[in-house]
2 protein chains.
Amino acid sequence: MAKHEWHAEALRGKGYRLTPQRVMVLAALGKREGHMSVEELYEQVRRQYAYIDLATVYRSLQLLTKLHLVAEIRAGTTSRYELVHPEQRHHHMVCEECSAAFDLPPHYLDDLKARLVQEVGFEPHMEHFSLSGLCSKCRHAQGGDVS
Amino acid sequence: MAKHEWHAEALRGKGYRLTPQRVMVLAALGKREGHMSVEELYEQVRRQYAYIDLATVYRSLQLLTKLHLVAEIRAGTTSRYELVHPEQRHHHMVCEECSAAFDLPPHYLDDLKARLVQEVGFEPHMEHFSLSGLCSKCRHAQGGDVS
DNA sequence: TTAGTTGCAAACGCTTTGCACCCAG
DNA sequence: CTGGGTGCAAAGCGTTTGCAACTAA
């Protein structure tokens with residue numbers, strides 16, 4: 001079963017309609033390794049179905065995010081989205097220079113989260129978490145200057 | 001010398017004009033412990049000078065942020081601002097429930113940053129960093145359900 | 001059949017910009 | 001005096017919403 005079909009089934013299982021638009025959104029997300037901006041997603045889906053509306057893409061992403069079938073990653077001002085694969089939780093690092101995205105193994109933040117809950121009493125919500133900075137490639141290219 | 005005067009001097013020292021509007025923005029920021037939204041700042045300044053324009057507030061914050069005299073804290077979609085005190089670096093935790101803001105001692109993130117640079121080669125930029133989640137008060141009020 | 005979903009267009013909230021006037025240096 | 005800064009109004013941009021038509025179940 002293709003990558004996105006699991007998600008489509010989950011959608012129906014929860015009582016929502018499986019419309020062509022939603023399938024296309026899921027398929028587009030499934031075609032990419034990393035996360036996509038709404039605009040990228042929109043362009044991608046439009047190649048299959050020219051009449052889809054941006055609002056529909058937004059509404060689909062909203063629904064899918066609510067159901068935890070896709071994850072919303074806030075990078076700077078705008079959001080990016082990717083399929084959720086429950087067995088491979090991770091967070092993100094986005095390079096400010098080249099926009100490349102990297103996965104951040106969960107244990108880094110789990111440690112931080114545990115310490116914060118214990119020592120400060122604050123429970124951070126890290127589902128939509130991402131760090132921005134410089135990837136190793138761009139770091140070396142720039143000679144390591146820190147802003 | 002009052003809290004914000006140091007910042008005003010720094011502004012002039014770098015060759016920018018010290019206008020009443022900028023002084024008022026700095027003063028408003030200095031009056032508060034935590035960070036303020038642009039709107040709060042605007043309302044505050046308007047009490048002294050009814051004709052200030054929102055655009056001026058935005059432009060002042062942009063300049064001050066560029067000069068590292070104020071820090072921009074991204075909380076969810078919008079930004080909040082506070083005076084920078086170089087000797088007391090810290091990051092932020094913002095409660096999603098009650099919007100209260102807490103300071104996060106730098107060592108928590110310094111650890112994380114060091115590990116990331118060493119182990120993954122990624123250098124996160126944490127100047128404008130904040131965590132959102134639930135503060136201890138709201139956590140207990142809600143009975144600890146995690147979304 | 002019929003409630004959930006879509007396309008369309010308009011509105012929204014926050015932020016930025018163009019421009020003529022103004023004032024800090 | 002003069003160029004940087006301001007007020008004003010309008011535009012920009014990503015996102016959301018109201019509504020009539022449509023369609024998955």
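Being a predicted model, the structure only gives us computed values, none of them experimental. Numbers restart at 1 for each chain; the letters A, B, ... are given by sequence-line order, proteins then strands. The figures here come from the full heavy-atom set of this structure, side chains too, leaving out hydrogens, waters and symmetry mates.
- Put simply, chain B comes within 4.0 Å of DNA chain D, heavy atom to any atom, from D:dG3 to D:dC8, going 5' to 3'.
- The NZ atom of A:K66 sits 13 Å away from the C1' atom of C:dT5 (whole-angstrom rounding).
- One can place OH of B:Y42 at 13 Å from C1' of C:dC14, the figure rounded to the nearest angstrom.
- A salt bridge between A:D103 and A:R89 is absent, with no side-chain N of the basic residue lying under 4.0 Å from a carboxylate O of the acidic one.
- Computed from coordinates, the B:L41 CG to C:dT15 C1' distance equals 15 Å when rounded to whole Å.
- Nearest-nucleotide positions on DNA chain C place B:S79 closer to the 5' end than the other of B:S79 and B:L18.
- A:E40 and A:R80 are joined by a salt bridge, as a carboxylate oxygen and a charged side-chain nitrogen come within less than 4.0 angstrom of each other.
- With rounding to whole Å, B:E39 atom CD is found 9 Å from C:dT15 atom P.
- Here the two rings, on B:H90 and B:H107, have centers that are 6.0 Å apart or farther.
- What separates CG of B:L63 from C1' of C:dT15 is a distance of 16 Å, to the nearest Å.
- Counting distance only, with no hydrogens placed and no angle test, the side-chain atoms of A:R59 and the base atoms of C:dG4 include no donor-acceptor pair under 3.5 Å.
- Phosphate contact (OP1/OP2 of C:dG4, side-chain N/O of A:T19, threshold under 4.0 Å): absent.
- Atom pair B:D53:CG and C:dC14:C1' shows a separation of 14 Å (rounding to whole Å applied).
- Regarding contacts with the backbone of C:dT5, every side-chain N or O of A:Y58 stays at 4.0 angstrom or more from both OP1 and OP2.
- As rounded to whole Å, 11 Å separates atom C1' of C:dT17 from atom CD of B:Q62.
- A:R17 has its CZ atom 10 Å from the P atom of C:dA3, to the nearest Å.
- The shortest distance between the side-chain N/O atoms of A:Q21 and the OP1/OP2 oxygens of C:dT5 is not below 4.0 Å.
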Worksheet entry | From CA spacing to verdict: side-chain contact (heavy atoms from CB on, under 4.5 Å), B:L112, B:R115 | CA-CA 5 Å; B:L112 176 61; B:R115 290 178 61 197; 5.6 Å; no
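- Both B:L54 and A:T56 lie near DNA chain C, and the one whose nearest nucleotide falls closer to the 5' end is A:T56.
- Of the candidates C:dT17, C:dC14, C:dA9, C:dT17 carries the atom nearest the B:A55 side chain, counting heavy atoms from C-beta on.
- Contact annotation: the side chain of B:D53 never approaches that of B:Y42 to less than 4.5 Å [non-hydrogen atoms, C-beta and beyond].
- The shortest side-chain heavy-atom distance between A:V117 and A:F122 does not fall under the 4.5 Å cut-off.
- B:Y108 is listed as a side-chain neighbour of A:E119, based on a closest heavy-atom distance under 4.5 Å.
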